[in-house]
Amino acid sequence: MAAVPAARGESEPEPVHTSPDPTSGSLDIPRPHPQHEEHEERDEHHDHEERQGHRQPDTAPNSGVPGPGVAEIVAQAVARAMEEDDTQDLPNVSAPHRGTAVTDVPLHLPFRAASTAPLPERAPAVAPRPARPAPGRRVPRGDDRLREHRGPVLPGWVGVAVGGLALAGCTAVLWRAGAVPDAFAAAFGAAPRAFHGLRATHWPPLAFLGIVALVALGGLGRSRTGHAWVLTLFGRYRGTVRRTGLTWVSPLLLRRRVDVRLRHWRSDPMPAVDSGGLALQVVVQVVWQVKDTARATLAVADHTEYLAQQVESAMARVLSQLPADAFHEDAPTLRDAEAVGDALTRMLAAETEAVGIEVFSAQPTRIEYAAEVAEAMRRRRVAAIDAKHRDTVLTSVVDAVDDTVHRLTSRGLVELDDYERKALVKDLTVAFYTGRAE
């Protein structure tokens, strides 16, 4: 076992080696050096003063020497050395066994004790909350897969030519079989042939040429300017034909005609309310055009009915943001047709884009009060106009009186005290106001 010396600079005690007495049943315990005892007593007294409240070292057990044991002395020496060297706490040193040799250990240890400071607690991870959908009304979005593209179409003369050749082939087969009348054959310069019935070799070419003639002539159609055909095959969109004139489209495709001209729609008087809750009657005129024929035909049941309903909805939202009239203040109202029309056009264009409709203008042409409030609002408007007129007249009268009094006094024509000035102002005000009222 090893022990650490009590302090630096002190004399090391000479180790005393003892051997067990064969005649006695216990070991002889070495006594410490006298000088060493004095240092230990002073150290104990000093530690007692610094560490009041601590337990005094007991007498070593199973020893006949009074005072602290070897373990307590070693612990005190290590504590003083650590305070002088500013080192951290060392692990506890176990007490050496009695009767063993003592070996000196250097004071400077090759390493410092690991820090026992508690690690900072990591904040528990908070699970992110699922994002909530944005509140409010959302603008409808169309199907990106449903967009107008060019459909399969050929010029009409191709169908006419193919159909004519197929019919000519059928006539030739019938002539060879003798089924063509003699007069008809003679008209085309062909020799008449005797009819012996249609054989099995005649039926396949007749059937093939007949089908070609039906397909070629059955796909012919006339497309008018300002209209388009939306083609579908078994419910699937196959394209749009905007070509005009005689065209050929496969007869297997279903055609739906769509008007793509610039159109305008004037509504009937529709009910609405302003920001103050007053009932209104509004007439709106919309200029629009079908931009995407696929969406206008397949994305909605009836695009014209959809437009009419969206006009009424957008008009109700726009008109409810402003008052119809501001009688006693200078504020924006629904009488500003340009601002109201711009707001209505933007909102309606966003609503109808999903169905392939382009809105160029949406303008309210008439905004009137409903019949139940029209008379009351008319009286209120007349009163507001009258009050504004009186205010204008009074302002002009006051300005005229102030200008007249200022000129009289500044030019030295009259000298007025306070009483005379008040009387003059009163008389001038009555005279000017009477004249303006007349």
Side-chain angles (χ1 to χ4, degrees), residues 143-263 289-304 355-357:
D143 189 358
D144 294 336
R145 298 171 298 178
L146 189 61
R147 291 189 178 277
E148 180 181 335
H149 61 83
R150 184 178 178 182
V153 61
L154 292 175
W157 63 266
V158 175
V160 173
V162 173
L165 293 176
L167 291 178
C170 291
T171 304
V173 172
L174 292 175
W175 174 76
R176 290 180 62 88
V180 177
D182 296 341
F184 186 79
F188 285 92
R193 298 174 67 93
F195 178 69
H196 300 288
L198 295 176
R199 301 177 182 178
T201 57
H202 296 154
W203 287 109
L206 284 176
F208 174 76
L209 294 174
I211 293 174
V212 171
L214 289 177
V215 171
L217 299 178
L220 294 176
R222 183 174 60 91
S223 298
R224 294 184 297 176
T225 303
H227 293 79
W229 281 341
V230 176
L231 308 179
T232 57
L233 178 62
F234 304 114
R236 183 179 180 183
Y237 174 66
R238 302 301 297 173
T240 300
V241 176
R242 289 180 177 263
R243 190 167 185 167
T244 59
L246 184 62
T247 58
W248 182 88
V249 178
S250 173
L252 300 178
L253 298 175
L254 180 62
R255 311 175 193 182
R256 299 178 64 178
R257 190 183 299 273
V258 181
D259 190 348
V260 295
R261 294 174 296 181
L262 187 65
R263 305 164 67 181
Q289 185 181 20
V290 173
K291 182 179 180 180
D292 193 322
T293 57
R295 291 188 173 184
T297 306
L298 304 177
V300 67
D302 187 352
H303 60 276
T304 56
V355 296
I357 295 178

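Below, all heavy atoms of this structure are taken into account, side chains as well, without hydrogens, waters or symmetry copies. Just so it is clear, the model here is predicted, and its values are computed rather than measured.
- A distance-only check finds a donor-acceptor pair linking the side chain of R295 to the backbone of D143 [under 3.5 Å].
- Side chains of L167 and L209 form no contact here, defined as non-hydrogen atoms less than 4.5 Å apart.
- Within the 4.5 Å cutoff, the side chain of L253 has heavy atoms near those of the P152 side chain.
- Side-chain N or O atoms of Y237 include one that pairs as donor or acceptor with a backbone N or O of H149 at under 3.5 Å.
- No side-chain heavy atom of W157 sits less than 4.5 Å from a side-chain heavy atom of L246.
- Here the side chains of V230 and R238 are not in contact, with every heavy-atom distance at 4.5 Å or above.
- Note that CH2 of W175 is 15.5 Å distant from SG of C170, once rounded to the nearest 0.5 Å.
- Contact record, S223 with T247: OG-OG1, 3.6 Å, taken as the closest heavy-atom pair.
- Across all non-hydrogen atoms, the minimal contact from V162 to A216 is CG1-CB, 3.9 Å.
- Counting all heavy atoms, side chain and backbone alike, V173 lies closest to H202 at CG1-O, 4.0 Å.
- Residues G163 and A213 come closest through the heavy atom pair O-CB, 4.2 Å.
- Judged by distance alone, with hydrogens and angles left aside, the side-chain atoms of R255 form a donor-acceptor pair with the main-chain N or O of V249 at under 3.5 Å.
- In summary, the side chains of T240 and T293 do present a donor paired with an acceptor at a separation below 3.5 Å, with no hydrogens or angles considered.
- Of the inter-residue distances, the one linking D292 atom CG with R147 atom CZ reads 7.0 Å to the nearest 0.5 angstrom.
- Remark: side-chain polar atoms of W248 are not paired, donor with acceptor, to backbone N or O of G221 under 3.5 angstrom.
- Between K291 and R242 the shortest heavy-atom distance is O-NH2, 3.6 Å.
- For the pair V160 and L220, the minimum side-chain heavy-atom distance is below 4.5 Å.
- Rounding to the nearest 0.5 Å gives a distance of 10.0 Å between OG1 of T297 and CG of D302.
- Closest of all the heavy-atom pairs between V212 and A166 is CG1-CB, 3.8 Å.
- Side-chain contact check for V215 versus P251: some heavy-atom pair is nearer than 4.5 Å.
- Rounding to the nearest 0.5 Å places CG of L298 at 7.0 Å from OG1 of T232.
- Put simply, the side chain of R256 does not reach to within 4.5 Å of the side chain of W229, judged on heavy atoms.
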May I have the step-by-step check of side chain to side chain contact (heavy atoms under 4.5 Å, CB included) for V290 and H303, ending in yes or no? CA-CA 9 Å; V290 173; H303 60 276; 3.9 Å; yes

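- Distance check, rounded to the nearest 0.5 Å: OG of S250 to CG of L231 gives 9.0 Å.
- Taking CD1 of I357 as the start and CZ of R263 as the end, the distance is 8.5 Å to the nearest 0.5 Å.
- Atom CZ of R176 has 12 or fewer heavy atoms from other residues, nucleotides or ligands within 6.0 Å.
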